[in-house]
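The figures here come from the full heavy-atom set of this structure, side chains too, leaving out hydrogens, waters and symmetry mates. The sequence lines fix the lettering, A, B, ..., with proteins before strands; numbering per chain opens at 1.
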Amino acid sequence: MKKLLLVIASLTFIFSLNLSATPHSSEAPQAPVVEKEYESKTMGELIVSFYETTGLNAFLNPKEGATNAHGEELTIFQQTGGRIMMILITLLLFYLAIAKGFEPLLLIPIGFGGLLANIPLANIIGPGGFIGELYNAGIANELFPILIFMGVGAMTDFGPLLANPKTALLGAAAQFGIFGTLVGAVALSQYTDIFSFTLQQASAISIIGGADGPTSIFIANKLAPDLMGAIAVAAYSYMALVPIIQPPIMRALTTVKERKIRMSQLRHVTQLEKIIFPLTILMLSLLILPESSPLIGALTFGNFIRESKVAERLNDVMQNAMINMVTIFLGLAVGSKLAAEKFLVPETLAIIALGLIAFSVGTATGVLMAKLMNKFSKHPVNPLIGSAGVSAVPMAARVSNSEGMKADRTNMLLMHAMGPNVAGVIGSAVAAGVLLSIFK
Amino acid sequence: MEEVNLVSEGLKFMVLGMGTVFMFLILMVVILNFQAKIINKYFPEKPKAVKSPSKKKSVNDDEVVAAITAAIMKFRS
């Protein structure tokens, strides 16, 4: 919890410094390419001209009207202090990933992408730069999030959900974080001057409450591409911070007695059920919500390959090589949005705050729904598994398990929490589909 | 374009969104329960064939190893 406060406090500090920074104009530079003829230079001139191409010079002598890789003009602050701050933020991400073990597989590529994005003059993130090209290849057209979903499908065992389908309702309740925050965000936009988001932007921000990185990127790209960087970073950071954010909320809403509740053994699920499951889900999404079928289609495809048991090689590639490779590309490309001129804007602060609210509300409604189910269900339901209804597979389920074990060392909730956890993935994909269909 | 009341729009989104999410997942629960009943009634999984007693010892070893491995994997995951 202390670490989280520290992160938020430092971000707040950075933004308060930069609130006055003016938005950059989008005037593109007119620089016809003329091949220069080489003229003989003295050693002194060579050294001076070399110095002018160094990063040191770019930091020390920022030029008025210098442009970034996309041809947008940068303020003096964005060229100097802003870049240095962003580099420090990426170092903080490395620290969190390596020393604290927060989602290192994601935060390291994102942080390194951010580091590269803030190198002056190199233009790695612009057209032609390798990260810029990765961005165009996979994020601008939403390919990478879909491929990640395919890998997630291949990695996910829906058995616990099939064994106890009614826990899916917990995955539905946790989506209230998304819509509750949406209402809160537009209310604050309408009646206060703190920030002014449009409905599209507010929707894209509140999807962070679904705790699903690929879904957040998918939606942000469609509804609010300008806010993509901050949304993706917030979504992945909160997923990494699940073990810190969720437990206090879970403990506040449950009693020790409730946390000790033991759940009945899950029934055996036959292979045939597991094979038919992805097809059933796909049919449902096809009938009700075609808008979310890119996400659900990829998820069910990956899962179908897994459960078919006859395409082991494809399954292996999907859940290992493919998802790992795409994670590297996606991380770097998302990191490119950590460039100072994109990230150090007032909206980022609001996105980080709203994301945290969305996430916490989702956790709380999941737990409350589980309490409600415990009251009315024949079989006891431990309220701790409700928090796993936000997606963040499998981290959220592990948190439920470890909180359960804190109350009673022999109470294993992991498999029970996996049910709402995987239902949460489907739930947030459905919520995303609804939001997309509204703005279509 | 006339002024849109963002809050009332947001509330409408919430009703539609939560309604759809719940409807989708409740429908899923119903279908899955139904599906499980049908499958377990008409296509029950064949019980594992009992191995011949002559190889009893080695088979048992294999089974024990498999069970332990499975338990370890489950514990670790």
Portion of A/L284 that has a non-hydrogen atom of chain B nearer than 4.5 angstrom: both

Region of A/Y191 in contact with chain B, defined by heavy-atom distances below 4.5 Å: side chain

Student check: side-chain heavy atoms of A/I207 and A/F218 closer than 4.5 Å: no

Portion of B/I31 that has a non-hydrogen atom of chain A nearer than 4.5 angstrom: side chain

Portion of B/N5 that has a non-hydrogen atom of chain A nearer than 4.5 angstrom: both

Least distance between heavy atoms, A/S206 atom then A/A358 atom: O-CB, 3.9 Å

Which portion of A/L272 sits near chain B, non-hydrogen atoms under 4.5 angstrom: both

Flag side-chain contact, heavy atom, 4.5 Å: A/L354 against A/I208: no

Side chain, backbone, both or neither of A/I178 within contact of chain B (heavy atoms, under 4.5 Å): neither

Contact class of A/S285 relative to chain B, heavy atoms under 4.5 angstrom: both

A/M155, CE: over 12 other non-hydrogen atoms inside 6.0 angstrom: no

Chain B contact via A/A202 - side chain, backbone, both or neither, heavy atoms under 4.5 Å: neither

Option that, when pairs with chain B are counted at under 4.5 Å, heavy atom only, ranks first among A/V269, A/I288, A/L435: A/I288

Pairs meeting criterion side chain to side chain donor-acceptor pair (under 3.5 Å) with involvement of residues 424-439 of chain A, two or more places apart: A/S391-A/S428

Close side-chain approach of A/S203 and A/I219, heavy atoms under 4.5 Å: no

B/F34 atom CZ, over 12 foreign heavy atoms within 6.0 Å: no

Engaged part of A/V186 at the chain B interface, taking heavy atoms whose separation is under 4.5 Å: both

Short side-chain to backbone donor-acceptor contact, A/Q319 and A/A154, under 3.5 Å: yes

Region of A/F439 that comes under 4.5 Å of a non-hydrogen atom in chain B: side chain

Chain B contact via A/L287 - which portion, at a heavy-atom distance below 4.5 Å: neither

Chain B contact via A/M418 - which portion, at a heavy-atom distance below 4.5 Å: neither

Sequence-distant partners of A/K440, salt bridge (charged side-chain N to carboxylate O under 4.0 Å, His left out), two or more places apart: A/E291

